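Some notes on the structure that comes next.
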Amino acid sequence: MIKALLRKFFSGTDTHPESAYNLWAAAYDSQPANLMLALDEALFSSILKTINIKNKVIVDVGCGTGRHWKKILEQEPGQLLGYDVSAGMLQILKEKFPEAITHQLSGNHLAQTADNAVDMLISTLTIAHIKDAGAALQEWNRVIKPGADIIITDYHPGVLQKGGKRTFKHENKTVSVKNYIHSIPTLQFIAGRLNWKQILIIEKKIDESLKPFYEKQGALRVYEEYVGNPVIYGIHFKKEK
């Protein structure tokens with residue numbers, strides 16, 4: 001019974017991220033009851049406030065509509081560059097930040113960024129959309145300087161393993177975005193081989209404070225099944241000198 005409810009709650013045909021986010025772009029910033037966006041906002045903000053980014057060069061991989069850009073720009077970085085697979089999401093970002101420098105991604109290559117040019121790389125709610133996480137992190141390592149900070153957040157792989165999906169409504173149909181499951185130990189292993197030191201890891205569990213989000217979705221049975229399990233994580237790495 002529970003598995004059937006989970007399938008219903010997370011229903012939809014898996015769609016490639018580029019196509020899915022092009023469909024989602026216009027409505028993406030208008031989701032006041034979106035649990036994952038709310039959790040990511042809090043989690044990313046808590047990590048960012050521990051890092052001095054003034055005058056730093058920052059790359060945002062999977063920047064989307066620039067959800068985090070206002071708080072980043074308020075801290076006066078030297079440059080903020082965005083990469084995303086979705087032209088639709090980048091269009092919304094440019095409407096919000098007309099001076100933004102953005103590039104549409106095809107694959108993992110950050111073609112417009114030179115070696116050892118970046119002081120901080122961030123990637124939020126993105127890495128599970130990337131099929132080859134090892135290749136992606138290796139490319140990120142190419143562009144970051146020794147001493148650079150890396151912030152990664154995403155759906156917790158435990159949730160994805162149990163059948164959780166990113167879904168949204170488009171023309172009265174549920175669309176689910178294609179995900180790949182990268183365990184946290186796997187990412188930590190890859191990071192270690194790249195000489196990235198883990199500074200902090202946060203795993204946010206589903207608890208009583210999140211119950212209202214599930215109530216609004218009519219998904220209390222899902223809440224009851226997942227309560228106590230981590231739903232999102234964030235990791236702060238630093239590339240050792």
Side-chain angles (χ1 to χ4, degrees), residues 28-29 36-86 89-90 92-105 108-130 133 136-155 184 187-188 190-192 194-204 232-241:
Y28 194 80
D29 287 340
M36 296 306 294
L37 293 186
L39 291 177
D40 184 64
E41 173 70 23
L43 193 158
F44 177 77
S45 296
S46 71
I47 298 175
L48 183 67
K49 71 182 181 182
T50 68
I51 305 169
N52 179 8
I53 63 171
K54 187 169 183 177
N55 299 322
K56 300 294 181 64
V57 175
I58 302 171
V59 163
D60 184 355
V61 180
C63 60
T65 63
R67 289 180 299 110
H68 297 304
W69 280 39
K70 183 175 185 294
K71 71 177 77 68
I72 293 171
L73 291 170
E74 285 173 350
Q75 295 190 40
E76 301 179 345
Q79 189 176 47
L80 177 57
L81 312 171
Y83 284 89
D84 201 277
V85 298
S86 167
M89 298 289 271
L90 292 176
I92 299 297
L93 186 153
K94 292 285 282 186
E95 290 172 2
K96 293 158 60 176
F97 304 99
E99 304 302 316
I101 302 172
T102 63
H103 306 289
Q104 187 173 3
L105 264 176
N108 296 316
H109 187 40
L110 306 178
Q112 293 80 9
T113 301
D115 296 358
N116 302 313
V118 175
D119 298 294
M120 183 169 79
L121 186 145
I122 65 176
S123 184
T124 61
L125 299 183
T126 296
I127 199 164
H129 291 320
I130 299 172
L137 266 62
Q138 181 127 14
E139 172 65 0
W140 300 357
N141 190 61
R142 177 186 69 79
V143 304
I144 60 176
K145 302 174 181 178
D149 294 284
I150 307 100
I151 301 176
I152 299 171
T153 75
D154 210 350
Y155 277 53
I184 291 174
L187 295 178
Q188 291 169 324
I190 297 168
L194 295 171
N195 206 30
W196 297 3
K197 179 182 178 181
Q198 181 175 297
I199 305 300
L200 174 69
I201 181 168
I202 301 170
E203 296 177 83
K204 173 62 178 176
I232 191 172
Y233 73 94
I235 308 179
H236 174 197
F237 293 109
K238 182 177 282 287
K239 183 176 180 177
E240 295 195 306
K241 296 181 179 180

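Only a predicted model underlies this, so the values are computations on that prediction, with no experimental measurement involved.
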Nearest heavy-atom pair of Gln75 and Ile51: which atoms, and what distance? OE1-O, 3.9 Å
Could you check Asp149 against Lys56 for salt bridge (charged side-chain N to carboxylate O under 4.0 Å, His left out), going step by step and ending with a plain yes or no? CA-CA 11 Å; Asp149 294 284; Lys56 300 294 181 64; 5.6 Å; no
Nearest-0.5 Å distance, CG of residue Asp40 to OG1 of residue Thr153: 3.5 Å
If I take atom CD1 from residue Ile47 and atom CD1 from residue Ile150, how far apart are they, to the nearest 0.5 angstrom? 12.0 Å
As a test of understanding, state which of Ile92, Leu93, Leu37 forms a side-chain contact (heavy atoms from CB on, under 4.5 Å) with Asp29. Ile92
Between Leu110 and His103, does a side-chain contact (heavy atoms from CB on, under 4.5 Å) hold up when you go through it step by step? CA-CA 9 Å; Leu110 306 178; His103 306 289; over 6 Å; no
For Gln112, does its backbone N or O pair with a side-chain atom of Tyr83 as donor and acceptor, under 3.5 Å? yes
Decide yes or no on side-chain contact (heavy atoms from CB on, under 4.5 Å) for Cys63 and Leu90, but give the supporting numbers first. CA-CA 8 Å; Cys63 60; Leu90 292 176; 3.5 Å; yes
Check side chain to side chain donor-acceptor pair (under 3.5 Å) between Gln188 and all other residues, then give those that pass, not counting sequence neighbours. Gln198
d(Ile58 CD1, Leu73 CG) to nearest 0.5 Å is 8.0 Å
Could you tell me if Thr113 and Arg142 have a donor-acceptor pair between their side chains, going purely by distance under 3.5 Å? no
Residue pair Ala133 / Ile190: nearest heavy atoms and the distance that separates them: C-CD1, 4.4 Å
Among Ile130, Asp84, Val61, whose side-chain contact (heavy atoms from CB on, under 4.5 Å) with Leu105 holds? Val61
So how far is it from Ile101 CD1 to Leu81 CG, rounded to the nearest 0.5 Å? 5.5 Å
May I ask you to test the Arg67-Leu125 pair for a side-chain heavy-atom distance under 4.5 Å? yes
On a heavy-atom basis, which atom in Ser86 and which in Gln104 lie closest, and how many Å separate them? C-NE2, 4.4 Å
Start with the C-alpha distance between Ile72 and Ile53, add both sets of side-chain angles, then the distance that settles side-chain contact (heavy atoms from CB on, under 4.5 Å), and finish with yes or no. CA-CA 8 Å; Ile72 293 171; Ile53 63 171; 3.9 Å; yes
Spacing of Ile122 atom CD1 and Ile151 atom CD1 [to the nearest 0.5 Å]: 6.5 Å
What is the minimum heavy-atom distance between Ile202 and Ser46, and which atoms define it? CD1-OG, 3.8 Å
Residues in side-chain contact (heavy atoms from CB on, under 4.5 Å) with Ser45, at least two apart? Glu41, Lys71
Report the C-alpha distance between Asp154 and Tyr233 in whole Å, list the side-chain angles of each, state the deciding distance to 0.1 Å, and finish with yes or no for side-chain contact (heavy atoms from CB on, under 4.5 Å). CA-CA 6 Å; Asp154 210 350; Tyr233 73 94; 3.9 Å; yes
Holding to side chain to side chain donor-acceptor pair (under 3.5 Å), I want the full list of residues that pass it with Glu203, two or more places apart in sequence or in another chain. His156
Partners of Glu74 by side chain to side chain donor-acceptor pair (under 3.5 Å), sequence neighbours excluded? Lys70
Under the rule for side chain to side chain donor-acceptor pair (under 3.5 Å), what residues qualify as partners of Asn141, not counting sequence neighbours? Trp196, Lys239
Residue pairs fulfilling ring-ring contact (aromatic ring centres under 6.0 Å, His included) with at least one residue in residues 38-58, sequence neighbours excluded: Phe44-His68
Short side-chain donor-acceptor distance under 3.5 Å, Asp60 and Trp69: yes
Can you name the closest pair of heavy atoms from Leu194 and Leu137 and give their distance? CD1-O, 3.6 Å
What do the steps show when you test Asp119 against Lys145 for salt bridge (charged side-chain N to carboxylate O under 4.0 Å, His left out), and what is the final call? CA-CA 6 Å; Asp119 298 294; Lys145 302 174 181 178; 3.1 Å; yes
About how many Å separate NZ of Lys94 and OG1 of Thr65, when rounded to the nearest 0.5 Å? 14.5 Å
Closest heavy-atom pair, Phe237 versus Leu187, reported as atoms and distance to 0.1 Å, is CZ-O, 4.5 Å
Would you say that more than 12 heavy atoms from the other residues, nucleotides or ligands in this model lie under 6.0 Å from the NZ of Lys197, or not? no
